[in-house]
2 protein chains.
Amino acid sequence: MVVDQLDDAGIDRLFQALADPTRRDIVRRVTLGEYSVSGLAALYAMSFAAVQKHVAVLERASLVSKEKRGREQIVRGNHEGLQNVRRLLDEYEEIWRQRAARIADILAEEPKNNRRVPQ
Amino acid sequence: MVVDQLDDAGIDRLFQALADPTRRDIVRRVTLGEYSVSGLAALYAMSFAAVQKHVAVLERASLVSKEKRGREQIVRGNHEGLQNVRRLLDEYEEIWRQRAARIADILAEEPKNNRRVPQ
DNA sequence: CTGATCTACAACCATTTGGTTGTAGAATAG
DNA sequence: CTATTCTACAACCAAATGGTTGTAGATCAG
């Protein structure tokens with residue numbers, strides 16, 4: 001339900017969560033289909049507890065969500081989380097756009113006074 | 001010069017590098033203007049060496065590049081690096097699109113034989 | 001030349017991370 | 001009821017991370 005609390009700590013958690021190949025693979029998998037935690041654990045050459053921790057990291061970063069179903073915990077992808085990362089990246093691209101615009105302005109600048117740029 | 005070696009380790013480095021607020025701020029700054037390492041260091045409440053390490057992390061992730069100028073080292077933003085991150089995020093969005101399409105297919109599915117889905 | 005500045009890097013330290021094993025509770029199967 | 005499965009969590013460990021101080025080499029200013 002987290003509306004849009006993208007403070008530094010939240011952004012840290014998002015990027016940190018994506019900085020591991022196992023976790024990125026989990027994100028891909030649970031986006032395309034449903035997996036229980038043990039179903040995911042069966043896919044990787046590591047212990048159940050390790051996968052459980054990875055899922056917990058992704059959950060705290062709001063990249064996936066869990067829902068109890070019987071004795072299983074179903075993991076699903078959380079599109080909002082990914083969209084937030086994307087939005088962040090868009091902001092950086094926007095900064096680049098601003099920079100490009102500023103450079104274009106400088107190049108288009110016409111010297112109104114007689115002071116010339118040396119060289 | 002790294003053409004497009006986006007292996008797991010490279011992706012790890014990209015996301016890991018962005019998972020720190022100081023480093024994200026450095027990326028913003030050096031995108032908009034030029035900074036020497038010590039120029040950057042003056043901006044943060046930490047030692048020169050700490051900032052130097054942050055820049056090194058960003059450089060290994062190809063998010064910034066350094067260029068020696070006199071006794072200074074000028075840090076600049078590397079647009080390619082950011083574009084790579086963005087491209088990665090686009091891939092995840094594409095996976096979501098596929099999922100949405102798949103779900104739409106299932107909903108649109110018409111039973112051609114008489115075998116009905118139970119319930 | 002001398003001193004100041006900028007950088008690089010090593011050594012160290014506390015905390016976090018990514019993994020393990022083990023224990024225990026809750027839900028299902030037989 | 002009993003055994004199995006699925007999950008949660010604690011305790012532990014090695015390695016990485018983010019910070020520090022200190023030393024030393026280059027370059028610039030006077």
Side-chain angles (χ1 to χ4, degrees), chain A residues 7-30 33-78, chain B residues 7-30 33-78:
Chain A
D7 49 357
D8 270 355
I11 301 175
D12 288 358
R13 277 191 294 263
L14 276 173
F15 284 121
Q16 182 66 41
L18 290 170
D20 180 280
T22 302
R23 286 197 291 263
R24 287 193 299 272
D25 194 64
I26 291 177
V27 168
R28 277 197 317 106
R29 302 259 193 182
V30 301
E34 288 186 350
Y35 283 85
S36 67
V37 179
S38 57
L40 286 171
L43 300 171
Y44 308 103
M46 64 184 73
S47 70
F48 170 83
V51 175
Q52 202 179 18
K53 281 192 186 181
H54 281 309
V55 172
V57 170
L58 290 169
E59 194 181 17
R60 276 192 313 140
S62 2
L63 283 169
V64 308
S65 57
K66 287 191 301 186
E67 186 192 349
K68 191 176 291 185
R69 195 161 68 191
R71 68 181 154 184
E72 293 183 330
Q73 199 82 257
I74 303 300
V75 184
R76 291 198 187 82
N78 181 2
Chain B
D7 49 356
D8 269 355
I11 301 175
D12 288 358
R13 277 191 295 262
L14 277 173
F15 284 121
Q16 181 66 41
L18 289 169
D20 179 281
T22 302
R23 286 197 292 262
R24 286 192 299 272
D25 193 63
I26 292 177
V27 168
R28 275 197 317 107
R29 302 258 193 183
V30 301
E34 288 186 349
Y35 283 86
S36 67
V37 179
S38 57
L40 285 170
L43 300 171
Y44 309 103
M46 65 184 74
S47 70
F48 170 82
V51 175
Q52 203 180 18
K53 280 192 187 181
H54 281 309
V55 172
V57 170
L58 290 168
E59 195 181 16
R60 278 191 314 139
S62 5
L63 283 169
V64 308
S65 57
K66 287 191 300 185
E67 187 192 349
K68 192 177 289 186
R69 195 161 69 192
R71 68 180 156 185
E72 294 184 330
Q73 199 82 259
I74 303 300
V75 184
R76 291 199 187 82
N78 181 2

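Just the heavy atoms: all of them, side chains too, but no hydrogens, waters or symmetry mates, feed the values below. Lettering of chains follows the sequences in order, A, B, ..., and the numbering in each one begins at 1. Treat the numbers as computed from the prediction; the structure is a model and nothing was measured.
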message: Assuming nearest nucleotide by heavy-atom distance, tell me which of A:Ala45 and A:Arg60 is located more 5' along DNA chain C.
response: A:Arg60

statement: B:Leu40 atom CG is separated from C:dC6 atom P, nearest whole Å, by 13 Å

- line: Picking from C:dG18, D:dT7, D:dG22, the nucleotide nearest the side-chain atoms of B:Ala49 would be D:dG22

- request: Return the value, rounded to whole Å, for the distance between atom CZ of B:Arg23 and atom P of D:dT17.
  value: 9 Å

- prompt: Looking for any heavy atom pair under 4.0 Å, which part of the strands does B:Ser36 touch: base, sugar-phosphate only, or nothing?
  reply: sugar-phosphate

Touch class at under 4.0 angstrom, heavy-atom based, for B:Ser38 against every strand present: sugar-phosphate

message: If you only use heavy atoms from C-beta on, which nucleotide in C:dG19, C:dA8, D:dT20 is closest to the side chain of A:Ala50?
response: C:dG19

- prompt: How is A:Arg69 classified with respect to the nucleic acid when contacts are heavy atoms under 4.0 Å: base, sugar-phosphate, or nothing?
  reply: nothing

message: Tell me the closest heavy-atom pair linking B:Phe15 and A:Leu18, and the distance in Å.
response: CD1-O, 3.3 Å

Under 3.5 Å donor-acceptor, A:Gln73 side chain and A:Lys66 backbone: no

- prompt: Checking B:Ser38 side chain against B:Ala41 main chain: does a donor-acceptor pair fall under 3.5 Å?
  reply: no

- request: Check if the side chain of A:Arg71 and the base of D:dT5 share a donor-acceptor pair of N or O atoms closer than 3.5 Å.
  value: yes

Atom-pair distance (CG on B:Asp20; C1' on C:dT17), nearest Å: 15 Å

- request: Please state how far atom CG in A:Asp12 lies from atom C1' in D:dG18, giving the value in whole angstrom units.
  value: 12 Å

Proximal nucleotide (of C:dG19, D:dT20, D:dT7) relative to the A:Met46 side chain: C:dG19

- request: Go through the steps to decide whether B:Glu34 and B:Arg29 satisfy the test salt bridge (Lys or Arg N to Asp or Glu O under 4.0 Å), and finish with yes or no.
  value: CA-CA 8 Å; B:Glu34 288 186 349; B:Arg29 302 258 193 183; over 6 Å; no

- request: Identify, between A:Val37 and B:Gly70, the residue whose nearest nucleotide on DNA chain D lies closer to the 5' end.
  value: A:Val37

- request: May I have the distance from A:Glu67 (atom CD) to D:dA8 (atom P), rounded to whole angstrom?
  value: 13 Å

Nucleotide nearest A:Gln16 when distance is taken to its side chain, options C:dT17, C:dT7, D:dT20: C:dT17

task: Answer yes or no: is there an ion pair linking A:Asp20 with A:Arg24, defined by an N-O contact shorter than 4.0 Å?
output: no

- prompt: Which is true for B:Lys53 with a 4.0 Å heavy-atom rule: it touches a base, it touches only sugar-phosphate, or it touches nothing?
  reply: base

- prompt: OP1, OP2 of C:dA8 versus side-chain N and O of B:Gln73: anything below 4.0 Å?
  reply: yes

- prompt: Between B:Glu72 and A:Ser47, which has a closest nucleotide on DNA chain C that is more 5'?
  reply: B:Glu72

field: Nearest-Å distance for atom pair CG/P, residues B:Leu58 and D:dG18
entry: 10 Å

message: Just the rounded figure in Å: distance from C1' of C:dT16 to CZ of A:Phe15.
response: 20 Å

query: Quick one: is B:Lys66 getting a side-chain N or O under 4.0 Å of the C:dA8 phosphate, OP1 or OP2?
result: yes

- request: Go through D:dG18, D:dT7, C:dA8 for me and flag the one nearest to the B:Gln52 side chain.
  value: C:dA8

query: Can B:Glu59 and B:Arg13 be counted as an ion pair, charged N to O under 4.0 angstrom?
result: no

